Amino acid sequence: MVKKARGKVVLAYSGGLDTSVAIKWLADNYKMDVITLCVNIGGVRDVDGIRQKALKLGAVKSFAVDARDEFIEDYVFKAVKADALYEGQYPLATALGRPLMAKLLVDLAHMEGATAVAHGSTGKGNDQVRFDVSVLALGPDLRIIAPAREWGMTRDETIEYAQRHKIPVPVKIDRPYSIDENPWGRSIECGILENPWNEPPEDIYEWTRSPADAPDRAEYVEIGFEEGLPVSLNGKKMEGLPLIEKLNVMAGRNGIGRIDHMESRLVGIKSRENYEAPAAIVILKSHLALEAMTLTRHQLRYKERVAQEYSDLIYNGLWFSNQREDLDAYIDSSQRYVSGTIRVKMHKGNCVIVGRKSPHSLYSFQLATYDRGDLFDQSDSASFIRIWGLPLKIQAQAQVIGFAPLKSGKKSRKDKAKK
Ligand code: ARG
């Protein structure tokens, strides 16, 4: 007699070894019907093959969803407007993808009447936090199962388990790196990279040419922005996804976008992370350059603080929070005049801003010039500086140099001492 399953679980399925093993493991250990969901935010190659594979491995149902545009429009673009860069280095590709995957997982679980969701993250990384916290926020009724956090198998034991259960093990399993990718970036960890002293070998890179092998001739690209978002390349209007994909190719062939980061994980571990993010680096740099032209220095200073808060929040899995939405309201408002064009020179690993223009530019030639046509009245400066510097003058007299504060008719201590 076939035993009745104890409910359904929706598993985020990538087609890789761990989540393939998880299908069998969940069915055996939790006695649940496993429904798989393959979310393509841009890194998945054979979506249909992956869907079929899950059914072969015992999933009762198998779904796939193309979430590439949603990922760019609703996640990546918010990070662009915010200038989000974790610890000043990492454009947050993986961290931005997880909340979207969790959201789609929860939606499907509710649609299918499942009582649990599952994902393949281990217990050491940030991704488990992002999945779990997003599910807590969106589907607090759902149980969360993370097989790889529970099963306690080493890499070799997982392979053994797979072989024992006739789960295909990819031929390239001895590939020494762990990789995650979507259009906003590609991350490479493990293997010899775990020694932070080892220079990353060329074979970790797939999107970028070595700067040494990049063309000798510089390549220029003009990026058009509207209200903080990139909308064109070299004058040609483009949607977000194709624009980013195109720029990944252009910047990548010029050796731009390699990042070697000693990263602080939320769970307390320092990890050595390598990334390739050609489009992200060029877009973020260009966006900052346009903000420098269209925002006042007060806005720029404040926004820099918001950028750090926003980056930490994404990294730490708090995407579905009111705090993020509140910050978005500020960030969106700050982008009203961030429109214009940035000209970028790409050459052998360098990405340099060489031109900028905007209909809302705060730059005034007549104020800035040292040539004829100068409208800035230099005599205004002297009085301004006296008042600007007044606190320092008073402090010097009262505390530092020791003069008596400005009192008319009385001699200062120093004057007295001189006698
Ligand atoms: N360290 C990065 C982050 O925490 C990248 C993680 C990549 N994830 C992975 N499962 N390979 O966002």
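In this text, all values refer to a predicted model and were calculated from it rather than measured experimentally. Order of appearance sets the numbers: ligands from 1, and atoms from 1 within every ligand. Along the sequence shown, the residues carry numbers beginning at 1.
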Does NZ or CZ of Arg258 fall inside the cone over Tyr205's six-membered ring, less than 6.0 Å from its centre and within 45° of the axis? yes

Pick one: which of Lys285, His287, Gln308 meets side-chain hydrogen bond (donor to acceptor under 3.5 Å, both in side chains) with Asp83? His287

Do NZ/NE/NH1/NH2 and the carboxylate oxygens of Lys8 and Asp33 come within less than 4.0 Å? no

Any chance the rings of Tyr302 and Tyr330 have centres within less than 6.0 Å? yes

Distance dump, ligand 1 polar atoms to protein, N/O, under 3.5 Å:
residue, atom, partner, partner atom, Å
ligand 1, 1 (N), Glu263, OE2, 2.8
ligand 1, 1 (N), Glu273, OE1, 3.1
ligand 1, 1 (N), Glu273, OE2, 3.4
ligand 1, 1 (N), Tyr275, OH, 3.1
ligand 1, 4 (O), Asn126, ND2, 2.8
ligand 1, 4 (O), Arg130, NH1, 3.2
ligand 1, 4 (O), Arg130, NH2, 3.1
ligand 1, 8 (N), Asp127, OD2, 3.0
ligand 1, 10 (N), Asp127, OD2, 3.1
ligand 1, 11 (N), Glu189, OE2, 3.3
ligand 1, 12 (O), Tyr90, OH, 2.6
ligand 1, 12 (O), Arg130, NH1, 2.8
ligand 1, 12 (O), Arg130, NH2, 3.1

Here's one to test your reading of the geometry: is the NZ or CZ of Arg305 within 45 degrees of the ring axis of Tyr310 and under 6.0 Å from its centre? no

Measure centre to centre between the rings of Trp319 and Tyr75, then say whether the value is under 6.0 Å. yes

